[in-house]
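This chain uses plain numbering: 1 for the first residue, then up along the sequence.
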Amino acid sequence: MTAPAAPRFDLPEPDAFTRPFWDAAAEGRLLVRHCAACDRAHHYPREFCPYCWSEDGSWREASGRATLYTWSVVHRNDLPPFASRTPYVAAVVDLAEGPRMMTEVVECAEADLRAGMELEAAFRDTGAGFTVPVFRPGA
């Protein structure tokens with residue numbers, strides 16, 4: 001008898017509304033919500049605009065370009081599977097389309113991180129049927 005797999009704390013919980021976001025990520029595309037009423041993009045995905053409260057929103061493909069707003073290098077996290085990834089860079093980025101997004105910066109040494117540095121979207125396969133957006137230094 002095999003032991004049950006440890007719970008994963010890095011997996012999203014998609015629902016019918018957020019499914020397009022996760023499906024696009026699996027294809028290597030980043031989507032954001034766009035409000036037709038006030039012409040602003042927002043993230044995290046929600047069914048109403050956080051600026052004007054309109055429900056007239058749609059998914060739009062983002063450019064994948066961002067700048068680093070702030071970050072923290074995580075050296076200890078005991079939740080599976082994060083412990084095997086430490087150290088990692090938890091970050092907030094400003095997407096070129098306007099919204100801020102919580103994410104992870106990859107492929108960058110800690111000493112090279114700078115507020116305002118240009119980043120581009122990359123996508124990580126979780127190995128559990130999901131792909132999540134992360135960011136790396138821009139080309």
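Side-chain contact check for Leu119 versus Thr67: every heavy-atom pair is 4.5 Å or farther apart. Counting only heavy atoms from C-beta outward, the side chains of Thr126 and Thr131 never approach each other to under 4.5 Å. Side-chain contact between Cys108 and Leu113 is present, with heavy atoms from C-beta onward closer than 4.5 Å. A 4.5 Å side-chain heavy-atom check between Cys38 and Cys49 finds at least one atom pair inside the cut-off. For the pair Met101 and Phe135, the minimum side-chain heavy-atom distance is below 4.5 Å. Looking at Trp53 and Cys35, their side chains never come closer than 4.5 Å, going by heavy atoms from C-beta outward.
Taking every heavy atom of both residues into account, Ala41 and His34 meet most closely at N-CD2, 4.1 Å. The shortest heavy-atom contact between Asn77 and Leu79 is OD1-N, 3.0 Å. Scanning all heavy atoms of the two residues, the minimum distance from Trp71 to Ala115 falls at CZ3-N, 3.5 Å. Minimum interatomic distance between Pro45 and Arg33 (heavy atoms only, all atoms of both residues): CA-CG, 4.0 Å. Considering all non-hydrogen atoms of both residues, Thr86 and His75 come closest at CB-O, 3.6 Å.
Taken to the nearest 0.5 Å, the CZ atom of Phe82 stands 9.0 Å off from the CZ atom of Phe9.
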Verdict with supporting geometry, Glu97 and Ser63, side-chain hydrogen bond (donor to acceptor under 3.5 Å, both in side chains): CA-CA 8 Å; Glu97 292 74 19; Ser63 66; 3.0 Å; yes
Please step through side chain to side chain contact (heavy atoms under 4.5 Å, CB included) for the pair Arg124 and Val134, ending with a clear verdict. CA-CA 7 Å; Arg124 174 192 295 138; Val134 295; 4.2 Å; yes
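The list of side chain to side chain donor-acceptor pair (under 3.5 Å) pairs with a residue in residues 9-23, not counting sequence neighbours, reads Arg8-Asp10, Asp10-Arg85, Asp15-Thr18. The list of salt bridge (Lys or Arg N to Asp or Glu O under 4.0 Å) pairs with a residue in residues 35-64, not counting sequence neighbours, reads Arg29-Glu61.
Clustering ILVMFWY residues whenever any of their side-chain heavy atoms sit less than 4.5 angstrom apart, transitively, puts Val105 in a cluster other than the one holding Tyr88. Cluster annotation: Phe17 is connected to Val32 through the hydrophobic network of ILVMFWY side chains, with a link wherever side-chain heavy atoms come within less than 4.5 Å. Under the 4.5 Å side-chain heavy-atom criterion for Ile, Leu, Val, Met, Phe, Trp and Tyr, Leu30 and Trp59 are members of the same hydrophobic cluster. A single hydrophobic cluster is seen to contain both Phe123 and Val132, as judged by linkage of ILVMFWY side chains at heavy-atom distances under 4.5 Å, directly or through other members. When the side chains of ILVMFWY residues are joined at heavy-atom separations under 4.5 Å, either directly or via intervening members, Val93 and Val73 end up in a single hydrophobic cluster.
A salt bridge does not link Arg114 to Asp112: none of the charged side-chain nitrogens sits closer than 4.0 Å to a carboxylate oxygen. In summary, Arg136 and Glu120 engage in a salt bridge, as defined by a charged side-chain N under 4.0 Å from a carboxylate O.
Less than 6.0 angstrom separates the ring centroid of Phe21 from the ring centroid of His43.
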